[in-house]
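Dumping the structure here so I can ask a few things about it.
Note that the structure is predicted; figures quoted are calculated from it, not measured. Chain letters run A, B, ... following the sequence lines, proteins first and then strands; every chain starts at 1.
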Number of protein chains: 2
Amino acid sequence: MATLEPIRRRSLADEVYEQLRTKIVRGEIEAGSSLPAERALCAMLGVNRGALREALKRLEQARLVSIHHGGGTRVEDFRQSGGLDLLSKLIIGPGGSVDTHVARSVVEMRSALGPDIARLAALRATDSVKERLLEVVDRIDETEDLRALQQLSMEFWDLLVEGSNNVAYRFAFNTLHATYREISQVMTQVLAAELTDRASFRAVAEGVNARDTAETETRARELLRKGASGILELIQLMDSMKEGKQT
Amino acid sequence: MATLEPIRRRSLADEVYEQLRTKIVRGEIEAGSSLPAERALCAMLGVNRGALREALKRLEQARLVSIHHGGGTRVEDFRQSGGLDLLSKLIIGPGGSVDTHVARSVVEMRSALGPDIARLAALRATDSVKERLLEVVDRIDETEDLRALQQLSMEFWDLLVEGSNNVAYRFAFNTLHATYREISQVMTQVLAAELTDRASFRAVAEGVNARDTAETETRARELLRKGASGILELIQLMDSMKEGKQT
DNA sequence: TCCGGTCTAGTGGTCTTACCACTTGACCTC
DNA sequence: GAGGTCAAGTGGTAAGACCACTAGACCGGA
């Protein structure tokens, strides 16, 4: 009973939002083109105009469309204007499979940010964060189950982000975390090498406690490289398989 | 007539959204507390319930509030759940001055991502990007005006991001760019050392053209460090002044 | 031919009113 | 005390009307 999840009830506006967002990010609605008029759209969708407008406002907030009073609603080029939160919508491609291009991008960003987050944590972490960091690595030492290690790894990085005292990293982490959550189930095995590298987790935690920025950064980079290489190899494999299918 | 800007007309929903968002990010509405009921809120604000709901949907999209059917609307802790796009709202603190903590965070993130963006561009940039990159550095060479250099610098980095072929970096860049735009006017002088480092711009562009990843990354890091040190010194100065004022 | 104004159809913006669906907590019953 | 019942309050949906703005067609004078 541990994995029960609350069922998510979606309002009409949410459904409309998701439907339009999906069509836009998949390119089914051409960027630069105009959406049908609101009255026409809500007739097509069979919903109230208010519900539709709430959805459109969300799309505008996500910079997927731009609304002009009296001048219609145009679809923006999300690659040009989108924000980081689109990643969690893009990571799952059509058909439910992981989009390898997006996954590779996320892995690269993780590799670039992680070591600096660790470095700053070593520079600025409070005693409270340091303490909790050691507690987490203790639990990591005692844990064998990969799913549990995934969870602990996230707690570990969450603490490092908190220790870094950097709001930009916090927000980026929040978004990347949400993206990761979309695919965490299928990543468990690929990340095994990283998740079981208990020595590196501990080295980072102790580096932070010792305020050793250089060492902490290096060990964090090593830790992340294990998972990165696993994922990148898998991506390469998937891409070559897809290529083989096409030819 | 070059600096004329189109006046931005704001709908009621936009006004309501901004007002509530400001109150939330400034902590004037406590995280975890409940907002008044919709009917009460729109009476206070003097607007239609539909307009209010459009604003609330945007706040929910930005993860600033969570709405529960029948159970009220609660204010979330944006530090815990917010996305990167909040940076552009946080960078200007109350009173209109730049928030030094946020600014420092952005500078650090820029320093971490920039070199890797350049490295990946050297690895993957298309011929089109390479060519345009050289054109931009040519224009940088011919330009003296700092404001114009700011603009060119952004085009330069925009091309590197395009060349990196990394959607995560693209989205992060979009957001950071929007944040930077909020404060670019006051940053011109501080960034002078970076903006006039024409040799580094060219070295990066030529490194990309030569597919020399290591060299490109190094030169990009050098370039960014010039601006970073300028900003960080200014931040230190501002913080010490503020401290002096308080004591 | 061109420029500028005018008009109009169509679009998004706002408002009103009503009712439905869900959550919460008080209350009751056993 | 545990569990069920119910009502008040909250957000969700709906239909219809009218206002504000834009874009394009149209017209008239230079």
Worksheet item: Which of the following nucleotides, D/dT10, C/dA18, C/dG12, is nearest to the side chain of A/R39?
Response: C/dG12

Discussion item. Using whole Å, what does the distance between atom P of nucleotide C/dG10 and atom CD1 of A/I67 come to?
Written reply: 21 Å

Worksheet item: Which part of the nucleic acid, if any, lies within contact of B/A51, taking any heavy atom under 4.0 Å across all strands shown: a base, the sugar-phosphate backbone alone, or nothing?
Response: nothing

Practice prompt. Could you check how far NE2 of B/H69 sits from P of D/dT10, rounded to whole Å?
Written response: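 To the nearest whole Å, that distance equals 13 Å.
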
Discussion item. If you go through the side-chain atoms of A/R10, does one of them form a donor-acceptor pair with the base of D/dG12 closer than 3.5 Å?
Written reply: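 Absent.
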
Discussion item. If only side-chain N and O atoms count, and only distance matters, is there a donor-acceptor pair under 3.5 Å linking B/R132 with B/S128?
Written reply: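 Result is yes, a qualifying pair exists.
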
Worksheet entry | d(CD, A/E54; P, C/dG13) in whole Å |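 The answer, rounded to whole Å, is 13 Å.
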
Practice prompt. For the residue pair A/E76 and A/S66, confirm or rule out a side-chain donor-acceptor distance under 3.5 Å.
Written response: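 Checked: A/E76/A/S66 side chains pair up, N/O donor to acceptor below 3.5 Å.
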
Worksheet entry | Of A/H68 and B/H68, the one whose closest DNA chain D nucleotide lies more 5' | B/H68

Fill in: B/E15 atom CD, neighbour heavy-atom count above 12 within 6.0 Å
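Atom CD in B/E15 is crowded, with more than 12 foreign heavy atoms closer than 6.0 Å.
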
Discussion item. Between B/T73 and D/dG11, is there a contact of a side-chain N or O with OP1 or OP2 at under 4.0 Å?
Written reply: yes

Item to complete: Evaluate the ring planes of B/F171 and A/F78, with Trp represented by its six-membered ring, and classify them as parallel (under 30°), tilted (30 to 60°) or perpendicular (over 60°).
Response: tilted

Worksheet entry | Euclidean distance, atom CZ of residue B/R49 to atom P of D/dT13 [Å, nearest integer] |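 Atom CZ in B/R49 sits about 10 Å away from atom P in D/dT13.
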
Worksheet item: Nearest to the side chain of B/N48 - C/dT14, D/dA15, D/dA20?
Response: C/dT14

Practice prompt. Would you state whether a donor and an acceptor, one from the side chain of B/R53 and one from the base of D/dG11, lie under 3.5 Å apart?
Written response: no

Item to complete: Calculate the interatomic distance between A/L41 atom CG and C/dG10 atom P; express it in whole Å.
Response: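 Distance check: A/L41 CG to C/dG10 P gives 17 Å.
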
Practice prompt. Determine the contact category for B/G72: base if any of its heavy atoms lies under 4.0 Å from a base atom, sugar-phosphate if only primed atoms, P, OP1 or OP2 are that close, otherwise nothing.
Written response: sugar-phosphate

Worksheet item: Atom CG of B/L59 and atom C1' of D/dG11: how far apart are they, to the nearest Å?
Response: 15 Å

Discussion item. Does either side chain, that of B/Q150 or that of B/Y180, offer a donor lying less than 3.5 Å from an acceptor on the other one?
Written reply: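 Distance-only check passes for B/Q150 and B/Y180.
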
Discussion item. Could you tell me how far apart A/L45 (CG) and D/dT13 (P) are, to the nearest whole angstrom?
Written reply: 13 Å

Worksheet entry | Distance in angstrom units between A/R74 CZ and D/dT22 P, rounded |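 The answer, rounded to whole Å, is 12 Å.
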
Worksheet entry | Out of C/dT14, D/dA14, C/dG12, whichever nucleotide has its closest atom nearest the side chain of A/V47 |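 Nucleotide nearest to A/V47's side chain: D/dA14.
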
